[in-house]
2 protein chains.
Amino acid sequence: MSHDHLIEKTLSSKTIYEGKIIDLTVQTVQLPNGKEAQREVVLHPGAVTVLAITADDTILLVKQFRKPTERVLIETPAGKLERGENPLESAKRELEEETGYQAKEWKHLASFYTSPGFADELMHAYVATGLTLKQQNLDDDEFLDVLEVTAEEAQQMVTDGQIYDAKTLACVYWWLRERALQGKA
Amino acid sequence: MSHDHLIEKTLSSKTIYEGKIIDLTVQTVQLPNGKEAQREVVLHPGAVTVLAITADDTILLVKQFRKPTERVLIETPAGKLERGENPLESAKRELEEETGYQAKEWKHLASFYTSPGFADELMHAYVATGLTLKQQNLDDDEFLDVLEVTAEEAQQMVTDGQIYDAKTLACVYWWLRERALQGKA
């Protein structure tokens, strides 16, 4: 089906800021009805996240202060893509850096935009199993705690509103649904 | 448990851009180890999204071009909070504007950050049932198609990678899991 009645064309684009992680542009676009509008667009290199399931049927989560939110968040291990980095390699790197674990089996779960209204960040989510503990190796400016939670605990954390991160909710709901289909609690 | 070993303190903040939807600041922070770092922070007014379930056991999705991604996305109806607007009122407004539906029952599903690494956007997700069709009333610069999909179709769209939006995946996985718990396909 044609999407011509939905598409906006870029007429011009102005770079407002070029940063360490994000750039900001303001674009003038032509709407499907011919009129013009402005779009504020944050450019991001993309990111990965990992739902790591242990042999004990628990998942690894990280607790981390996130400056933009001014809160400590509980999240699936995640990080941004380095320049030219393959998403799966990035996921393996981030899991090991943040939690110290390596995984034998990797499966692509989904790729998704996190904030399509104002940013182009595309996140790739993987399921990792067959875990072996190696060594945590955080970035210089990274501080986090690793948690290991059961399905019951994850469910409780979702219900209680202790998990308030989109990618983590998507991964946890996916996991709980897989378990429900398998007849697990 | 204390989070002092995770917290970053703001030493200074510089406003780079004040836009129509987002602002951009660059903050100098003191890390837990006493060192300094820069954080790029996008400020956003917050947003809502609605998982609207019809009497036919289908959900309403909208197909929309998202300029930052340069792609047409399939999403749960969503929008940003107007100044001072209550999230539930915003959800009711967005559902009706985008799809033409009003709902009798509203339930808070979850609230979550969409991109906590670089933005403070907090999104509130609701489940809406008891739907009645009124009239679609899009913003001047908004163009979208409304879809109505069954659980089987939603599952297929997720598996095929036709849904690549974080909030929508979280809502759809949640719905599919609720159905699995109820013994529905």
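Excluded from the calculations below are hydrogen atoms, water molecules and symmetry mates; all remaining heavy atoms, backbone and side chain alike, are included. The sequence lines fix the lettering, A, B, ..., with proteins before strands; numbering per chain opens at 1.
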May I ask you to decide if the ring planes of B/His108 and B/His124 are parallel, tilted or perpendicular, using 30° and 60° as cut-offs?
tilted

Report which part of B/Ala110 has an atom under 4.5 Å of a heavy atom belonging to chain A: side chain, backbone, both, or neither.
side chain

Tell me, for B/Glu178 versus chain A, whether the close heavy atoms (under 4.5 Å) come from the side chain, the backbone, both or neither.
neither

Whatever's closer than 4.5 Å to a heavy atom in chain A on B/Thr10 counts as both

For B/Leu73, is it the side chain, the backbone, both, or neither that has a heavy atom closer than 4.5 Å to a heavy atom of chain A?
side chain

Tell me, side chain or backbone of B/Asp140 under 4.5 Å from chain A's heavy atoms, or both, or neither?
backbone

Aromatic ring proximity B/Phe143/A/His5, centre distance under 6.0 Å
no

Does any backbone or side-chain atom of B/Glu121 lie under 4.5 Å from a heavy atom of chain A? Answer side chain, backbone, both or neither.
side chain

Residue from B/Gly19, B/Gly183, B/Ala180 scoring the most non-hydrogen pairs under 4.5 Å with chain A is B/Gly19

Chain A contact via B/Lys20 - which portion, at a heavy-atom distance below 4.5 Å:
both

I'd like to know if B/Glu96 pairs up with B/Lys134 as an ion pair, taking the criterion as any Lys NZ or Arg NE/NH1/NH2 lying under 4.0 Å from an Asp or Glu carboxylate oxygen.
no

Heavy-atom cut-off 4.5 Å, strictly under: side chain, backbone, both or neither for B/Val26 against chain A?
side chain

Given the options B/Asp120, B/Leu122, B/Thr69, which has more heavy-atom pairs under 4.5 Å with chain A than any of the others?
B/Thr69

Assess, by modelled atom type and distance only, whether the side chains of A/Gln155 and A/Thr159 contain a donor and an acceptor separated by less than 3.5 Å.
yes

Between B/Glu142 and chain A, which part of the residue has a heavy atom less than 4.5 Å away: side chain, backbone, both or neither?
neither

Check: A/Thr58/A/Thr150 side-chain N/O donor and acceptor closer than 3.5 Å:
no

Most heavy-atom pairs under 4.5 angstrom with chain A, which of B/Thr25, B/Leu43, B/Val172, B/Thr114?
B/Thr114

Check this for me: B/Gln135, atom CD, are more than 12 non-hydrogen atoms of other residues, nucleotides or ligands nearer than 6.0 Å?
no

Regarding A/Gln102 and A/Thr132, do their side chains bring together a donor and an acceptor under 3.5 Å, going by distance alone?
no

Ranking B/Ala170, B/Pro116, B/Ala166 by heavy-atom pairs under 4.5 Å to chain A gives rank one to B/Pro116

Only one of B/Arg39, B/Gln30, B/Gln27 passes side-chain hydrogen bond (donor to acceptor under 3.5 Å, both in side chains) with B/Glu8; say which it is.
B/Arg39

For the interface with chain A, which of B/Val72, B/Val41, B/Leu169 has the highest count of heavy-atom pairs at distances below 4.5 Å?
B/Val72

Sort B/Ser111 into side chain, backbone, both or neither according to what part of it lies under 4.5 angstrom from a heavy atom of chain A.
backbone

Counting heavy-atom pairs closer than 4.5 Å to chain B, which one of A/Leu109, A/Ile16, A/Ile7 comes out on top?
A/Ile7

Chain A heavy atoms under 4.5 Å from B/Ile21: which part of the residue, side chain, backbone, both or neither?
both

Minimum heavy-atom distance B/Glu98-B/Leu138, with the two atoms named
CA-CD2, 3.8 Å

Find the one option among A/Asn33, A/Val158, A/Val29, A/Leu181 whose heavy-atom pairs under 4.5 Å with chain B are most numerous.
A/Asn33

Any chance the side chains of A/Glu36 and A/Thr28 put a donor and an acceptor closer than 3.5 Å?
no

May I ask you to check whether A/Thr49 and A/Thr76 show a side-chain donor-acceptor distance below 3.5 Å?
yes

Residue part contacting chain A, namely of B/Arg71, when any heavy atom lies under 4.5 Å:
side chain

Look at the rings of B/Phe118 and A/Phe118 and say which category their plane angle falls in: under 30° parallel, 30 to 60° tilted, over 60° perpendicular.
perpendicular

Find the one option among B/Arg179, B/Lys67, B/Arg66, B/Lys167 whose heavy-atom pairs under 4.5 Å with chain A are most numerous.
B/Lys67

